[in-house]
*Asks:* 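Just dropping this structure here.
Start at 1 with the first residue, then count along the sequence. Heavy-atom basis, side chains included; hydrogens, waters and symmetry copies ignored.
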Amino acid sequence: MRYGLTTLAALVLSFPVLAADAVNFAVVQPDTFTTPHALSNAWADYDNDGDLDLVVAYGHGVLKLFQNTNNVFTDVAVKAGLGPVADEAALAPIEFRSAAWGDYDGDGNLDLYVGTRFAGTGKPPAFNRSFLYHSNGNGTFTEVAQKMGVDAPGASVRQASFIDLDGDGDLDLFMADRNGANRMFRNDGGAFVDIAENVGLADKRFTVGVCWFDMDKDGDLDAFVANQDGGTDAFYKNDKGMFTDVAPQLGMNHPGRAKDEGGVGCSVGDYDNDGNLDIFVATYGDNLLYRSNGNGTFTDVAQKMGITGHGHNVGASWGDFDNDGLLDIFVGAYHDTEATDILYRNTGTGFVNVITPVMNGSDHGVQWADFDQDGDLDLSLTNDFSKAVARHTLLRNNLSDAARKKSLAVMVRDAKGKFAPGAEVRLFDAAGKILGSRLVHTGDGYNSQSVTPVYFGLAADGPVTVEVTYITAKGRVTQKQAGVKPAEWAGKTLTVTQKP
């Protein structure tokens with residue numbers, strides 16, 4: 001899709017822009033993050049040293065693993081066993097398109113799943129497949145995708161998500177394939193088994209983004225599926241392990257798209273702090289903001305809330321960057337060969353664009369994380385081909401000290417101590433009023449899944465109650481921790497572990 005100058009100008013001018021000093025981000029280690037054609041990025045503490053590290057997937061068959069040591073990043077991919085799978089010339093047509101962290105074998109060490117796309121012509125090479133890097137627990141990885149049954153030869157793997165689909169305590173793996181039917185790999189211990197066809201998840205549309213959460217609050221994970229190339233979107237409702245696409249009856253499928261339009265990336269967050277999880281969908285076309293009605297139905301309020309414009313919108317992710325207690329959203333977008341990113345600040349009554357030039361650096365991946373643990377969200381962006389950047393960019397958020405103190409990071413663990421994707425976290429004040437809701441990461445920001453704490457900005461001081469809802473084989477299981485004083489957790493993470 002291409003846009004003339006008049007259309008592009010209208011796209012930019014349609015968002016009122018606040019003063020540049022409303023946001024203050026600075027580029028981190030520009031001499032380190034120089035490799036071009038970055039596509040996907042995902043955060044996790046892979047070495048269990050207490051800080052967040054970053055993996056970046058590139059469009060020429062390269063992975064980089066940036067180890068965080070005292071907030072300084074060093075690429076250790078080759079040392080860790082994530083080096084090239086073939087020589088550079090052979091890798092040229094292979095793009096690493098997705099990355100997902102998850103401890104699939106429950107040994108306490110995070111493993112890494114990476115999907116590829118063949119961008120050349122003719123017969124794809126043998127290494128056009130997915131890679132599953134099993135952590136050895138010592139900072140190195142062993143590639144086991146074929147052994148575990150998830151190598152998916154020839155697939156164009158976009159979103160990959162580790163989730164516990166069946167509530168049996170181990171992580172299963174969903175794989176969105178833009179070339180063919182989506183796959184749902186059930187974790188059977190010694191290997192994964194694709195059950196997508198049996199349970200109704202083998203969508204053959206051109207899937208790019210998937211968001212898993214309990215949309216109807218019935219105790220199991222459902223999946224919103226964003227489809228490209230003119231395809232309609234899907235919303236798979238989970239009913240005792242069987243899935244039905246209810247997007248048409250919910251009015252969320254968007255029929256009649258042109259061939260060059262479609263859903264790309266989705267992100268789940270409670271933007272209006274009513275306790276219900278809403279969905280943002282970045283599209284080739286008009287972005288969508290689905291407000292949850294709290295009963296398993298949704299209303300598109302994008303235009304009403306100031307989310308307007310028509311363009312190439314790719315990755316999006318919710319994050320309260322200014323610690324005012326309201327979720328904002330960053331959208332990575334492009335026009336021709338230039339990034340046209342949007343940072344939608346949530347005012348409580350709508351959204352306004354507050355992007356600054358230093359932040360306009362993504363045409364694909366978007367990930368928020370407080371990598372320096374100073375109480376505000378930093379930003380990791382990937383850029384494939386935009387002329388001004390065309391690389392990965394890491395940005396540090398420079399909020400004031402006073403604003404940084406108004407935050408709380410919560411890491412959610414299941415009863416076995418593992419990361420619990422799909423769990424929900426809510427904060428309440430001393431009077432019982434809800435302050436906000438967050439979803440434990442199941443994938444967003446364009447083709448990635450991070451393992452990070454959920455993060456709350458707080459408009460006011462005072463103790464809070466932390467409520468965590470786990471999605472289990474027994475349904476929704478909720479536990480609370482009252483009297484949490486955020487000031488006591490400054491620079492630290494509150495860990496909540498599911499009670500047996």
*Asks:* Just wondering, more than 12 heavy atoms not from Gln479 lying within 6.0 Å of its CD?
*Replies:* yes

*Asks:* Please report, to 0.1 Å, the donor-acceptor pairs under 3.5 Å made by any side chain of residues 492-500, with sequence neighbours excluded.
*Replies:*
| from | atom 1 | to | atom 2 | distance (Å) |
| --- | --- | --- | --- | --- |
| Lys492 | NZ | Glu488 | O | 3.1 |
| Gln498 | OE1 | Ala415 | N | 3.4 |

*Asks:* Under 3.5 Å, is there a donor-acceptor pair between the Arg97 and Tyr446 side chains?
*Replies:* yes

*Asks:* To the nearest 0.5 Å, how far apart are CG in Asp75 and CG in Leu63?
*Replies:* 10.0 Å

*Asks:* Determine whether the aromatic ring centres of residues Tyr104 and Phe192 are separated by less than 6.0 angstrom.
*Replies:* yes

*Asks:* Identify, with sequence neighbours excluded, every residue that meets salt bridge (Lys or Arg N to Asp or Glu O under 4.0 Å) alongside Lys406.
*Replies:* none

*Asks:* Quick check: does any side chain N or O of Asp341 sit under 3.5 Å from a backbone N or O of Ser362, one acting as donor and the other as acceptor?
*Replies:* yes

*Asks:* Do Tyr344 and Asp328 have side chains that get closer than 4.5 Å, going by heavy atoms?
*Replies:* no

*Asks:* Would Asp168 and Arg186 count as a salt bridge (Lys or Arg N to Asp or Glu O under 4.0 Å) if you check the C-alpha gap in whole Å, the side-chain angles of each, and the deciding distance to 0.1 Å?
*Replies:* CA-CA 10 Å; Asp168 65 352; Arg186 186 184 63 211; over 6 Å; no

*Asks:* Donor-acceptor check, side chain of Thr69 to backbone of Val72, threshold 3.5 angstrom: yes or no?
*Replies:* no

*Asks:* Can you tell me how the ring of His364 sits relative to the ring of Tyr334, calling it parallel under 30°, perpendicular over 60° and tilted otherwise?
*Replies:* parallel

*Asks:* Does the side chain of Leu110 come within less than 4.5 Å of Ser135's, by heavy atoms?
*Replies:* no

*Asks:* When the ring centroid of Phe66 is compared with that of Phe33, is the distance short of 6.0 Å?
*Replies:* yes

*Asks:* Is any side-chain heavy atom of Phe141 closer than 4.5 Å to a side-chain heavy atom of Tyr46?
*Replies:* yes

*Asks:* Could you please spell out the steps behind the ring pair (Phe, Tyr, Trp, His ring centres under 6.0 Å) verdict for Phe280 and Tyr271?
*Replies:* CA-CA 10 Å; Phe280 185 95; Tyr271 80 87; 9.9 Å; no

*Asks:* Hey, mind stepping through Arg205 and Asp203 against salt bridge (Lys or Arg N to Asp or Glu O under 4.0 Å) and telling me if it holds?
*Replies:* CA-CA 6 Å; Arg205 285 169 283 190; Asp203 196 323; 2.9 Å; yes

*Asks:* Just say parallel, tilted or perpendicular for the rings of Phe371 and Phe73, cut-offs at 30° and 60°.
*Replies:* perpendicular

*Asks:* Rounded to the nearest 0.5 Å, what separation is found between the NZ atom of Lys485 and the CG atom of Leu408?
*Replies:* 14.0 Å

*Asks:* Under 6.0 Å between the ring centres of Phe96 and Tyr58?
*Replies:* no

*Asks:* Please tell me whether Phe174 and Trp212 form a close aromatic pair, meaning their ring centres lie under 6.0 Å apart.
*Replies:* yes

*Asks:* Is Asn227 close to Phe206 at the side-chain level, that is, under 4.5 Å between some pair of heavy atoms?
*Replies:* no

*Asks:* Could you walk me through whether Arg345 and Asp324 pass salt bridge (Lys or Arg N to Asp or Glu O under 4.0 Å), step by step?
*Replies:* CA-CA 10 Å; Arg345 180 177 183 270; Asp324 65 352; 3.6 Å; yes

*Asks:* Test of understanding: with side-chain contact (heavy atoms from CB on, under 4.5 Å), list the residues that count as partners of Ala145, not counting sequence neighbours.
*Replies:* Arg129, Leu132, Glu143, Val150, Asp151

